[in-house]
Amino acid sequence: MSLLTAWFSGKESNEKSSRPILSEILKAMRESVIVVGEDTRILASNQAAYNAFARNNGALEDKRLSEVVRDLSLHEAFRKALKEDVSSDVELELPGAERRKYDVHIAPIEFDKVRGAIGIFYDITQIEHLEKVRQEFLSNVSHELRTPLTSILAFVETLEDGAIDDAENNQRFLGVIRKNAQRMHHLIDDILELSFIESGGITLKRKSVNLHSQTEEVFTNLSSKAKEFRIKLKNEVSKETFVFADAVRLEQMLTNLIDNAVKFNQKSGTVTVGFERKNETDIILIHDTGEGISTEHLQRIFERFYRTDRARSREIGGTGLGLAIVKHLARLHGGEVSVSSVLGKGSTFSIEIPRNRDEERR
Ligand code: ADP
């Protein structure tokens, strides 16, 4: 009698009634489960296992385990469960386009004196990915903080070693210390802001916001920087344009994008803010006449700390977090941010925000 027959034909009535329950539990489990008999043929599996391992080859039942998953340590673990009655855990990595990683627990089981082994596959792909992202983030943060800190310490030492009495240079050294301390301050502000947004800490207060006035306000705030870089700011949004957004967060998105458009522009360049309406979506366009962004970088600039030129971004006071913040804020609005760019000609960042039809009908 096979393990499955034993399972489904329990003789005692209380066993019989528990079997449908077991079968339902298997079905409901998110983890993939595979049960094999002594000959390592699959006797039972659940839908999750089918989704993970079937690869269009039909049902898993009756196939050998080795036909379904090719992995030596997994087979060894099943063998140990069957022959030596020993439970074990193995890590299983499935290569391919959709690489997946599992933490598998394999244990011997027995029904009505029929032996078998069960494998429970915990998908740890996402956990591993998150762990990697966390590690990368920590290492990035440490690196970003260490650079200005090293500079501060070096200049403090120089002052201590006598430069404090050097009337020609001491103010300049203090200036460098101040600049680096401010950089650290910005960085910590941006990290806190990003983690606040990512943790779902903010609730948007969306209403109709006049985009023309909002753009003017951001232009005013950035006017001295624009002057410093000799950049012309053009507001091409009509005075009657309203978007459905959280005013504070919209200002933050515009500030980050316009600030970049100024910083990465060419001398005497222009930054233009425009607006388009497409079906259900409002699109805010921030266009610059700067150096542009090459295709290899284009995909990645919204990642945290990603910069096309790290040293240059730092020099002009960047933290590498501005675009990541914009991306999260746009998504919180149910929208998205994207970019198109022509090298040597300039870039256009677009914030898409869904329209609020209810508001317009009123
Ligand atoms: P940063 O603090 O460096 O500005 P961001 O996240 O705002 O960080 O931008 C990431 C990187 O994307 C920048 O360092 C720069 O390399 C590139 N970038 C952003 N905006 C522009 C732009 N308008 N033109 C060219 N490159 C840009």
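Just the heavy atoms: all of them, side chains too, but no hydrogens, waters or symmetry mates, feed the values below. Just follow the structure's listing: the first ligand is 1, and inside any ligand the first atom is 1. These numbers were taken from a predicted model, which means no experiment stands behind them.
Between the side chain of Arg100 and the main chain of Asp123, no donor-acceptor pair closer than 3.5 Å is present. Listed for the Asn46 side chain is no donor-acceptor partner under 3.5 Å among the backbone atoms of Ile25. In terms of modelled atom types and a separation under 3.5 Å, the side chain of Ser208 and the main chain of Phe244 share no donor-acceptor contact. A donor-acceptor pair is defined here as one N or O able to donate and one able to accept, closer than 3.5 Å; no such pair exists between the side chain of His105 and the backbone of Tyr122.
In terms of protein heavy atoms, atom 3 (O) of ligand 1 is closest to Ser313 OG, 2.6 Å. With hydrogens left out, the protein atom closest to atom 19 (C) of ligand 1 is Asn260 ND2, 3.5 Å, a heavy atom. Scanning the protein for heavy atoms near atom 23 (N) of ligand 1, the closest one is Asp288 OD2, 2.8 Å. Protein heavy atom in closest approach to atom 6 (O) of ligand 1: Leu323 N, 2.8 Å. The protein non-hydrogen atom at the shortest distance from atom 21 (C) of ligand 1 is Phe264 CD1, 3.6 Å. Atom 17 (C) of ligand 1 has as its closest protein heavy atom Ile301 CG2, 4.1 Å. Distance from atom 11 (C) of ligand 1 to its nearest protein heavy atom, with residue and atom name: Tyr306 O, 3.6 Å. Looking only at heavy atoms of the protein, atom 26 (N) of ligand 1 is closest to Ile293 CG1, 3.4 Å.
In this model, no donor atom of one side chain and acceptor atom of the other lie less than 3.5 Å apart for Thr281 and Asn279. Using modelled atom types, one finds a donor on one side chain and an acceptor on the other under 3.5 Å when comparing Asn51 with Gln47.
Using a 4.0 Å cut-off between heavy atoms, Leu321 contacts ligand 1 through its backbone alone, with no side-chain atom that close. The part of Phe349 lying near ligand 1 is the side chain, judged by heavy-atom distances below 4.0 Å.
At least one heavy atom of Lys263 sits closer than 4.0 Å to an atom of ligand 1. Look at Gly290 and you'll find every heavy atom at least 4.0 Å from all atoms of ligand 1. Contact analysis leaves Asn256 out of contact with ligand 1, as no non-hydrogen atom separation drops below 4.0 angstrom.
Near Gly322, with a cut-off below 4.0 Å to any heavy atom, the atoms of ligand 1 are 5 (P), 6 (O), 7 (O).
One hydrophobic cluster, built from ILVMFWY side chains closer than 4.5 Å, cannot hold both Met253 and Val248; they sit in different ones.
Inclusion of Asp309 in the set of residues having an N or O under 3.5 Å from an N or O of ligand 1 is not warranted.
The one candidate from Leu43, Val35, Ile106, Val36 that meets the side-chain contact (heavy atoms from CB on, under 4.5 Å) condition with Ile118 is Val35.
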Check against salt bridge (Lys or Arg N to Asp or Glu O under 4.0 Å), Lys225 and Glu228: CA-CA 5 Å; Lys225 193 169 207 165; Glu228 183 193 329; over 6 Å; no
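No side-chain heavy atom of Ile231 sits under 4.5 Å from any side-chain heavy atom of Asp288.
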